[in-house]
Number of protein chains: 2
Amino acid sequence: MAHNPLSLDLLRALDAIDQRGSFAAAAEALHKVPSALTYTVQKVEQDLGIDLFDRSGHRAKMTPAARLILEEGRGILRDIDNLASSAKKIASGWEPELRIGVDTVFEPARLYPLVHEFNEAHPYIKVHLVHGSLSGTWEMLINGDADLILSTDLLDPKIDGYETRRFGEMSMVFAVAKNHPLASNACDWTHEEIEAYPTIVVRDSSKLMAPRTIGWTRQNKLITVPTMRDKIEAQLAGLGVGYLPRHRIQAELDSGALVQVKLNETNPPSEAVIAWRTGVTGKALGWFRERIDAEVLGV
Amino acid sequence: MAHNPLSLDLLRALDAIDQRGSFAAAAEALHKVPSALTYTVQKVEQDLGIDLFDRSGHRAKMTPAARLILEEGRGILRDIDNLASSAKKIASGWEPELRIGVDTVFEPARLYPLVHEFNEAHPYIKVHLVHGSLSGTWEMLINGDADLILSTDLLDPKIDGYETRRFGEMSMVFAVAKNHPLASNACDWTHEEIEAYPTIVVRDSSKLMAPRTIGWTRQNKLITVPTMRDKIEAQLAGLGVGYLPRHRIQAELDSGALVQVKLNETNPPSEAVIAWRTGVTGKALGWFRERIDAEVLGV
DNA sequence: TCTACATTTCAAAAAAACTGAACCTTTATG
DNA sequence: CATAAAGGTTCAGTTTTTTTGAAATGTAGA
């Protein structure tokens, strides 16, 4: 079986003929002589067995088939151009794909504008966003399932082989739904009173490492949910209580849907960090390392 | 500015090398000699200024850049193949695009499976579905805004220049919402009693032709809506009464949400027809003419 | 009719692609 | 460890494809 007779040269020729309006003008634009264009076109017409131009009149007019090839061909030419430049990028240190692990404390949608911008600039570099929670997010990095993670320094597992950079501060607030019994008094609840209500906790997505527990541990009345979003919704519904990252619930605090309860224990604010494996130096990784900032927290 | 150095030959070469596992085997598959492949590859490497293969080991190994070109290139080769075969189709009588006018008496979603099937078989032939109502649907055909229409023979405007084929029968039922006063008695309402309630009518989408009126005319209490779907919803909400095509409301009649009211006047069932301009003989048009059957009515 | 384009034809020339034999290298094998 | 087998490249020569320029053809408009 022979080759497909369509050549990129033909696509470029059709494009030039359409833009310049004539074989002669197109030939000049392509640094060729008109008869060369005639040759290119006739060759494909013969191989494909169809007419590309209607030569009955004075000037050659494209047939519908040629017009289809023209229109779709432009997309193909664009793809080929993108592909060539992307290949060069990859050869010069841009990764073919980048996997970003995002801890559930962050609103995933906050990253989309950044990913979108990256994708416009580098159409052939695939960005994967994978989600994790607590030490599970770190595990993705250690296991090589992610090239870059957004997480917190809270449970830094003291394994070396990676580097971190801080990009924001997260204060955790103990919050309850507005109808919750604890909401009636802004302060002064004892531990025993608080322990009367279930605590919502996010389940650690780690498969291998010892799951860490968040905040202070109470054995009784734990309700575990898979993501921070679920935890927020559970607490909004009054199902239980617990610490939530302020940046995720600012709107609910402002509207009064959630109420902050002040406890006498103090939670030092934890750090939002990005982390990557040492020695890994791709340019896409570098791009995101540079660009991830407090914006991702929504502040 | 020179050409993009990426050639379809290179894409085919990379594909063969990947599939066969070696330059030698790939060369054989391409009816070439290994050194010809070396030539093709080296030429692009030189023009593009990047390495496509790592030749440090025994066997040449693709670089990440080559792998990207391979993977994306496969899609481009597929596109080129589709494009060539579509161009041949068009040259042999398949239209580049087909515009189908669908009257609002039909459920548009009923056509989707057919359009989907067509699209799989003819990826580069664009199908446009445009909507109309009453004589407006016919107008699309007469004006040349549609190549094929699905309509009813009810208001056949006696203009020649088109042909029709019947593909189903539509019985119109006078229906009201289950809470509507007229629903309490299955029969025996007088015209005066019925005229106490507003009639919902679909507005004719025609711009030029004289709008036709559906069924018997009553000047008072007319509520016009743009589509049959709106009319059904309006009558479901009890806003008014009127004839509805049985095939669109069978589920509502079965569930009791709508109730048929029998009147002593008889409405002869109208015909569901397709129509096209005489002398227009594209194969895509023919395909749909053959394939549109009672299925579109949902029976 | 004459002129100005627009395109094609054709033979020759240039460029690109292909071939086959010789030649490295690395892996497999007795 | 010597030898064979296989993968890939180099290179000079050959074939094929593409380009060129001059002449020919044909159409539209003055």
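Each chain gets a letter, A, B and so on, in the order its sequence line appears, and its residues count up from 1. Not measured: the values here are computed from a predicted model.
Distance alone, capped at 3.5 Å, is enough to place a donor-acceptor pair between the B/Arg99 side chain and the B/Gly144 backbone. A donor-acceptor pair under 3.5 Å is absent between the side-chain atoms of A/Asp147 and the main chain of A/Trp276, judged by distance alone.
No N or O donor and acceptor, one from the side chain of B/Ser22 and one from the base of D/dG8, sit under 3.5 Å apart. With hydrogens and angles left out, the side chain of B/Ser35 and the base of D/dG8 share no donor-acceptor pair within 3.5 Å.
At the phosphate of D/dG8, neither OP1 nor OP2 sits under 4.0 Å from any side-chain N or O atom of B/Arg55. Distances shown here put a side-chain N or O of A/Thr38 below 4.0 Å from the OP1 or OP2 atom of C/dT8.
Side-chain contact check for B/Ile80 versus B/Leu11: every heavy-atom pair is 4.5 Å or farther apart. Looking at heavy atoms from C-beta onward, A/Arg291 lies in side-chain contact with A/Glu117 at the 4.5 angstrom threshold.
Classified by interplanar angle (parallel below 30°, tilted 30° to 60°, perpendicular above 60°), the ring pair B/Trp94/B/Phe118 is tilted. In this pair, B/Phe23 and B/Phe53 present their aromatic rings perpendicular. The plane angle is above 60°, beyond the 30 to 60° band.
Contacts of residues 39-47 of chain B with DNA chain C (heavy atom under 4.0 Å): B/Tyr39, B/Thr40, B/Lys43.
Distance CD (A/Glu28) to P (C/dA6): 11 Å, rounded to an integer number of Å. Taking atom CE of residue B/Met62 and atom C1' of nucleotide D/dG8, one finds them 14 Å apart after rounding to whole Å. Between A/Leu10 atom CG and D/dT17 atom P the separation is 17 Å, expressed in whole Å. Atom CG of B/Leu52 and atom P of D/dT9 are 11 Å apart (whole Å). Atom pair B/Asp9:CG and C/dA16:C1' shows a separation of 11 Å (rounding to whole Å applied). One can place CG of A/Leu8 at 18 Å from P of D/dT17, the figure rounded to the nearest angstrom. We find that CZ of B/Arg12 is positioned 14 Å from C1' of C/dA17, with the value rounded to whole Å.
At the heavy-atom level, A/Ala36 lies under 4.0 Å from base atoms of the strands shown.
No donor-acceptor contact under 3.5 angstrom links the side chains of A/Asp9 and A/Ser7, judged on distance only.
Of the residues near DNA chain D, A/Lys32 and B/His58, the one whose nearest nucleotide (by heavy atom distance) lies more toward the 5' end is B/His58.
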